[in-house]
Amino acid sequence: MIMKKLPARVESLHELLTFIRAEAKKLGFSESAIGRIELVAEEALVNVFVHGYAGEQGQVEVHCLVSDDPALTVEVHDTGVAFNPLSLADPDVQSDLTKRKIGGMGVFFIRKMTDRVAYRREGNRNILSMTFLNR
Amino acid sequence: MKVWSKRQQDVVVLAVQGRLDAATAPLFEEQVLPMISAGDKNFLLDLAGLDYISSAALRRLLFFAKRAEDQGGRVVLLSVQNHILEILDMAGFTQLFAIFADQDEALRSF
């Protein structure tokens with residue numbers, strides 16, 4: 001397992017995604033699969049940047065775990081208020097432009113593009129675990 | 001992320017290159033929203049050079065399109081790469097935006 005810890009703010013996004021991309025590449029994921037992994041990771045990270053610390057400063061950790069499936073599991077850890085993003089409802093992606101709500105899409109992408117996803121609270125930590133099988 | 005703009009009659013063609021994500025989408029918005037305030041309302045987004053889009057960028061794209069519609073205009077998309085199209089489709093954006101492969105055809109649609 002390897003880990004990267006940075007301040008939980010949007011300025012950290014590219015460095016964290018570059019870290020995840022490199023791990024996925026080492027495992028032989030295709031470019032299109034890596035694109036989806038980056039997208040899902042961004043959605044999880046942005047949730048922490050925006051909501052995790054309610055305007056206060058905090059840290060975010062990205063853990064990359066490899067398993068024999070073969071699979072890559074990306075975990076996003078924060079120590080903000082307890083929050084399970086998977087409890088959010090999906091947006092209505094069928095509504096037209098005038099009615100379409102702005103928001104709610106990030107968690108929808110996380111659900112759609114992971115092979116497994118789970119939230120857990122460990123002590124003061126929120127942990128969102130997202131697994132991608134290398135097919 | 002880079003945006004180039006040029007005018008074709010009353011349509012602003014915006015060529016977007018690189019990544020539209022949570023870090024870069026605000027820069028996109030800073031460049032395009034003033035055009036609506038200045039009176040432009042029809043936009044053709046050429047996405048041939050767009051490699052990556054996330055929900056943060058989709059939100060801003062939606063906001064931009066709503067603002068253009070409020071002024072009686074439209075935002076249409078051109079030359080969307082397949083992996084981007086997949087994301088747009090998943091988000092329901094292929095029902096919200098007209099998508100073209102040919103620029104002349106796209107310009108004629110306004």
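Residue numbering restarts at 1 for every chain, and letters A, B, ... go by the order of the sequence lines.
Note that CG of B/L62 and CE of A/M105 are 6.5 Å apart. Values are rounded to the nearest 0.5 Å. Distance CD/A/E38 to CZ/B/R19: 4.5 Å, rounded to 0.5 Å. The distance from atom CG of A/N47 to atom OG of B/S55, rounded to the nearest 0.5 Å, is 8.0 Å.
Connection of B/M1 to B/V80 is established within a shared hydrophobic cluster, with ILVMFWY side chains joined at heavy-atom distances below 4.5 Å, either directly or through further cluster members. By the criterion of side-chain heavy atoms lying less than 4.5 angstrom apart, applied directly or through intervening Ile, Leu, Val, Met, Phe, Trp or Tyr residues, A/V81 is not grouped with A/Y119; the two fall into different hydrophobic clusters. Under the 4.5 Å side-chain contact rule for hydrophobic residues, B/V32 and B/L27 share a cluster. Under a hydrophobic-cluster definition in which Ile, Leu, Val, Met, Phe, Trp and Tyr are linked whenever side-chain heavy atoms come within less than 4.5 Å, directly or via other members, B/V3 and B/V12 are assigned to the same cluster. Put simply, B/L85 and B/L20 are part of the same group of oily side chains (I, L, V, M, F, W, Y) that touch within less than 4.5 Å, one to the next.
B/A22 approaches A/E42 most closely through the heavy-atom pair N-OE2, 2.9 Å. Smallest separation of non-hydrogen atoms from B/M90 and A/F108: O-CE2, 3.1 Å. Here the closest heavy-atom approach between residue B/Y52 and residue A/G35 is recorded as CE1-O, 4.1 Å.
Residue contact with chain B, scored on non-hydrogen atoms closer than 4.5 Å, is absent for A/E11. Both the backbone and the side chain of B/I87 come within less than 4.5 Å of a heavy atom in chain A. For A/L13, the part sitting under 4.5 Å from any heavy atom of chain B is the side chain, from C-beta outward, and nothing else. Contacts between A/L17 and chain B at a heavy-atom distance below 4.5 Å involve the side chain alone, from C-beta outward.
Looking at heavy atoms from C-beta onward, A/R36 lies in side-chain contact with B/E86 at the 4.5 angstrom threshold.
Evaluation of the salt bridge (Lys or Arg N to Asp or Glu O under 4.0 Å) rule for B/D46 yields no partner, not counting sequence neighbours. A/E23 meets the salt bridge (Lys or Arg N to Asp or Glu O under 4.0 Å) test with A/K26; sequence neighbours excluded.
Residue B/N82 qualifies as open at atom CG: its count of foreign heavy atoms under 6.0 Å is 12 or below.
Top candidate by heavy-atom pairs under 4.5 Å with chain A, chosen from B/G92, B/P26, B/A56, is B/G92.
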